[in-house]
Amino acid sequence: MSGQKRQSLLGKLISLLTYKPVSRSEFVLPELENENSRRAAPEDKSNLSYESEDSGNSGKEKDTATKKPVRASKWNRVKGEKGHGDKGSRPQEISPDVDVNLEIIKDEFNIPTNIDVIIREFKLAGMVDAFIVFIDGMADRGVVNDFILRQLMNPGQFENYKGGCVLEYVTGNVLSVNQAKKLKKYEEAITQILMGVTVLFADRCDSCLAIETRGYEKRGIEKPATEAVVRGSQEAFTENLKTSVTQIRRIIRNKDLVHEFFLIGKQDNSMASILYIKGIANPDVVKEVKRRLASIETDFIAGDGMLEQFIEDHPWMLVPQVLTTERPDRTAANILDGKVAILTEGTPFAIIVPANFFAFIQTPEDAYLRWQYGTVLRFLRISAFFIALLLPGIYIALTNYHPEMLPTDLAIAISKSREAVPFPSIVEVLLMETSFELIREAGIRVPGLIGTTLGIIGALILGQAAVAANIVSPILIIIVAVTGLGNFAIPNYSLAFGVRILRFFFIILGGIAGFFGISAGLVMLVARAVSIKSFGVPFMAPAWPRAGRSPDILTRYPVWYQEQRPDPISPVNKKRQPGISRGWVKGKPPEGKRE
Amino acid sequence: MLREGKIGVFEAISVITFMSATKVLYSSSRALVEASGTSGWLTTIVSGVTALAGFYFIILLMSRFPGQELVSVFETVFGRFAGIIFSLLMSVFFLLNSAMFAREFIEAVKVYAYPLSPPSFLLVIFILAIITVLYFGFECVARTAALFAWPMLAGLAVIVILAVPLYEMSNLYPVLGHGPACIIKTGLLRSSVYGDALALAVVINSLQGSEHFKKSGVTAIILSTAIIATGFLIYNLSFPYYIASESTIPLYALTRSIEYGRFFQRFEAIFLFVWSISGILASAINLYFALSTYSKVFRIDDHRALILPQTVIIFSVSLIPLDISSIAYEHVNHIRQYGSAIYFGIPLLALLVAVIRGIRGEQAGA
């Protein structure tokens with residue numbers, strides 16, 4: 001912020017007209033060395049690096065410098081301890097003195113003000129001072145009582161203890177929980193505690209023990225709310241990150257499915273996971289995802305919607321550039337295509353990158369249905385996209401500029417219906433479109449059944465009343481209703497939202513210059529769409545630019561025909577299945593069973 | 001150095017086809033009908049074949065200088081000063097083409113669809129669309145052209161199919177129109193219609209190798225010839241000569257005549273999409289090549305700095321012709337007739353000089 005001056009209004013206006021040199025810091029996905037051999041998998045996948053070049057520059061590490069300083073008394077005590085780091089203004093390494101640790105933990109968690117952080121002090125085997133820390137409600141009390149405290153406080157468990165740091169002995173002989181990990185730093189311990197893990201500190205140990213006790217209340221797995229299908233899996237993600245990752249692991253039982261973990265929000269320590277398959281996903285895409293996630297510096301990330309805004313390539317575009325889904329099966333299918341999935345704690349959605357336009361008009365059901373049905377549905381959806389985008393604009397253009405195109409009977413019918421309406425048709429359309437958007441918004445905000453009722457009743461009554469009051473013509477009600485249906489048929493919520501806004505742009509263009517205006521608008525829209533990228537992959541690929549043979553863009557060919565993974569994302573292993581994946585067509589039925 | 005990105009063969013073909021084939025949609029085709037009578041389609045095939053021969057010399061020239069684009073080749077062959085003059089001549093020609101496309105389009109829509117709208121208002125919308133396309137660079141120009149290629153071809157195919165009931169074979173007679181000599185003479189003179197393939201040499205480094213250059217150029221010329229010849233053929237088939245030579249915009253007049261029963265008639269407005277999008281793209285592509293040539297001549301790294309000034313020039317130049325008659329009979333006619341000198345003449349001269357002086361590109365000599 002220092003050194004930056006606020007621009008005056010005049011300065012801003014001048015900057016709009018002034019030439020600025022092009023900024024070329026956009027991520028470009030380079031082609032792989034084996035780009036020409038589509039069918040060849042690399043001989044040795046082990047040398048592919050999935051580590052971000054600047055992963056050390058993560059937001060979390062930078063974060064330490066801004067943490068609250070420790071008290072002077074504590075600092076003086078800790079400073080003398082051997083091996084303690086001096087990074088920032090408080091110690092990093094855990095002290096062998098349990099009292100120091102207790103004080104630091106209390107200070108960090110604002111105890112006793114903070115009431116849900118439980119610190120339980122006790123003597124290990126009746127002789128070593130120790131304490132455990134956990135957050136009430138995040139950790140499972142049953143596990144803490146029955147499998148940690150009971151055993152740690154039982155002197156009988158320590159009969160073979162020979163001295164030294166007790167944590168080694170505890171891990172190997174005392175605790176009967178499935179995960180226990182030694183941590184060396186306070187920051188790691190604090191993060192684990194915030195996630196529901198119980199941490200054990202003991203005297204004369206310069207480390208602590210993170211014991212798995214996560215057990216908070218969470219919602220069960222339910223049916224997808226926005227991506228329901230007739231055929232196919234009926235389960236959606238939940239808000240719990242671990243459950244969501246498990247759901248994907250249940251589908252992709254592959255040792256190369258890699259799950260990496262990031263902490264993003266500075267204040268809320270939001271968790272985000274990335275999943276990809278080593279050997280299929282392009283390492284450059286994975287590194288880029290990690291680079292973007294690691295570079296985020298913000299207080300608070302409440303799930304995928306906020307994270308999307310932090311990592312997308314073109315935040316000013318109306319169309320989304322990452323695919324969001326609530327379905328584990330769709331996420332798994334995309335991971336298997338070579339894409340990277342990002343899951344966040346707190347929202348039941350996965351972000352899939354890179355994404356292109358065609359992914360937004362596809363649904364999981366396309367793959368489950370036979371290819372003919374899937375193809376017809378896709379064409380229906382693309383028609384819906386154009387109806388939602390252009391229909392009101394075309395109506396305005398027709399009635400204002402090209403009435404000769406209307407058959408005489410229809411033109412008379414429209415004229416009659418508009419006879420008593422005092423407004424020009426563009427005002428009519430804007431009025432109705434705005435009302436429609438209002439009804440939709442109100443319907444969502446009003447809870448439960450009332451919302452649905454409000455939507456239907458509002459539309460019926462408002463439409464009927466508007467016609468009766470001669471504010472709008474009946475034909476316009478049909479136009480707005482069909483446009484609304486078209487909008488609802490777009491499977492992706494973000495894209496549908498973008499179309500809702502763009503529609504007004506085309507209404508205005510149709511109003512000022514008819515079909516010519518709409519054509520000019522289409523050229524502008526397409527020019528923008530073909531020039532943007534999602535994580536280095538052109539948004540309109542694989543059609544514009546053309547990238548490989550793809551039997552799954554608009555027309556969905558049979559699944560056995562889809563031999564290659566999508567080419568634009570440059571997966572390391574392009575081959576999905578052999579040329580003849582249905583082995584039985586090569587062979588012959590047994591003797592006597594042939595016609 | 002201007003960074004133009006990479007494009008594929010399909011995109012290159014789309015770019016050149018939009019530059020060439022769009023001409024059939026506007027007023028200049030009327031001049032050809034008048035010049036060659038009922039044999040317009042044959043005349044344009046002669047032009048196409050001539051353009052292919054001309055393009056062969058461009059291929060020869062570029063293959064002597066691998067890795068160099070046309071502006072650089074001119075500088076190598078003619079020297080810096082003369083090279084700049086020839087390159088600027090080319091740039092101005094592209095600019096002129098762009099301006100004439102803009103004006104032809106505006107006149108066409110004004111006559112048929114927007115009689116009350118002032119041309120400058122229509123031109124502003126036209127130019128705004130051009131600016132948007134150009135702003136995002138050559139890759140965007142090429143991809144936009146590629147995206148609209150199929151819908152535009154489909155639109156033309158629909159016109160061809162729907163006009164079938166209007167076809168009358170007798171309208172095509174005499175097949176040779178004003179005679180073979182006229183066909184050959186007019187065909188040779190108007191070969192510049194397909195000379196736009198030269199533009200590929202300006203951006204040859206964006207194509208993936210010289211093979212792509214040859215393939216894209218030849219295919220684009222053949223495809224454009226097929227489209228324009230089909231346009232003339234169906235127009236001549238649909239109207240007798242004495243009516244055919246009177247339409248301001250021949251193909252648009254044809255779409256107005258299509259009707260199927262009471263419900264499907266006068267739906268030429270639908271084809272306004274084909275006219276508008278083709279016109280905007282043809283003008284934008286020509287302007288891009290003007291910008292690209294200019295930028296390369298003066299070593300300008302970013303073409304975006306030139307967009308606004310150049311579009312202002314386009315706006316002014318396109319409003320110079322008085323009316324549609326002066327556009328069709330003077331400006332555009334002169335461009336078509338003398339354009340070959342720019343499109344094929346300068347490269348041919350460069351090739352001759354290169355051969356005589358034994359100049360080759362650095363990589364070719366290596």
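Both backbone and side-chain heavy atoms feed into the values below; hydrogens, waters and symmetry mates do not. Chain naming here is simple, since letters A, B, ... match the order of the sequence lines and numbering starts at 1 in each.
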- Task: Give the member of B:Glu11, B:Lys6, B:Glu139 that has the highest number of heavy-atom pairs under 4.5 Å with chain A.
- Result: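 The residue among B:Glu11, B:Lys6, B:Glu139 with the greatest pair count is B:Glu11.
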- Task: Count the heavy-atom pairs under 4.5 Å between each of B:Val274, B:Val9, B:Thr144 and chain A, then report the option with the highest count.
- Result: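 Sorted descending by pairs with chain A, the first entry is B:Thr144.
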- Query: So, B:Lys214 and B:Ser210: side-chain donor and acceptor under 3.5 Å apart, yes or no?
  - Reply: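 Judged by distance alone, the side chains do not pair up.
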- Distance-only donor-acceptor check, side chains B:Tyr288 and B:Glu4, under 3.5 Å: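 Indeed, the side chains of B:Tyr288 and B:Glu4 share at least one donor-acceptor pair under 3.5 Å.
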- Of the backbone (N, CA, C, O) and the side chain (C-beta and beyond), which part of A:Ile512 lies under 4.5 Å from a heavy atom of chain B, both, or neither?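 Both backbone and side chain.
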- Task: Tell me, for A:Ala543 versus chain B, whether the close heavy atoms (under 4.5 Å) come from the side chain, the backbone, both or neither.
- Result: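 A:Ala543 has no heavy atom closer than 4.5 Å to chain B.
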- Message: Between A:Asp409, A:Leu509, A:Leu410, who has the most heavy-atom pairs with chain B when the cutoff is under 4.5 Å?
- Response: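 Most heavy-atom pairs under 4.5 Å with chain B: A:Asp409.
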- Taking NZ, NE, NH1 and NH2 as the nitrogens, is one of them in B:Glu211 or B:Lys215 under 4.0 Å from a carboxylate oxygen of the other?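 Salt bridge between B:Glu211 and B:Lys215, a charged N being under 4.0 Å from a carboxylate O: no.
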Examine whether an atom of [X] lies under 4.5 Å from a heavy atom of chain A, and if so say whether it belongs to the side chain, the backbone or both; otherwise answer neither.
X: B:Val133; answer: both
X: B:Ile280; answer: side chain
X: B:Ile270; answer: both
X: B:Tyr114; answer: side chain

- Item | Whether over 12 other heavy atoms sit under 6.0 Å from B:Lys110 NZ |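 Yes, NZ of B:Lys110 has more than 12 neighbouring heavy atoms, counting only those of other groups under 6.0 Å.
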Any side-chain heavy atom of [X] within less than 4.5 Å of one from [Y]?
X: A:Phe515; Y: A:Leu398; value: yes
X: B:Ile106; Y: B:Ser318; value: no
X: A:Ser531; Y: A:Arg528; value: yes

- Item | Approximate separation, where rounding is to 0.5 Å, of B:Met152 CE and B:Trp275 CH2 |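 These two atoms lie 11.0 Å from each other.
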- Query: For the atom pair CG (B:Leu134) and CG (B:Leu308), what is the distance rounded to the nearest 0.5 Å?
  - Reply: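 Reported value, rounded in 0.5 Å steps: 11.5 Å.
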- Any chance the rings of B:Tyr294 and B:Phe298 have centres within less than 6.0 Å?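 Distance test on ring centres: under 6.0 Å, yes.
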- Message: Are there residues of residues 122-131 of chain B whose heavy atoms fall under 4.5 Å of chain A's heavy atoms? If so, which?
- Response: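 So far as heavy atoms go, B:Leu122, B:Ile125, B:Phe126, B:Leu128, B:Ala129 are the residues that approach chain A to under 4.5 Å.
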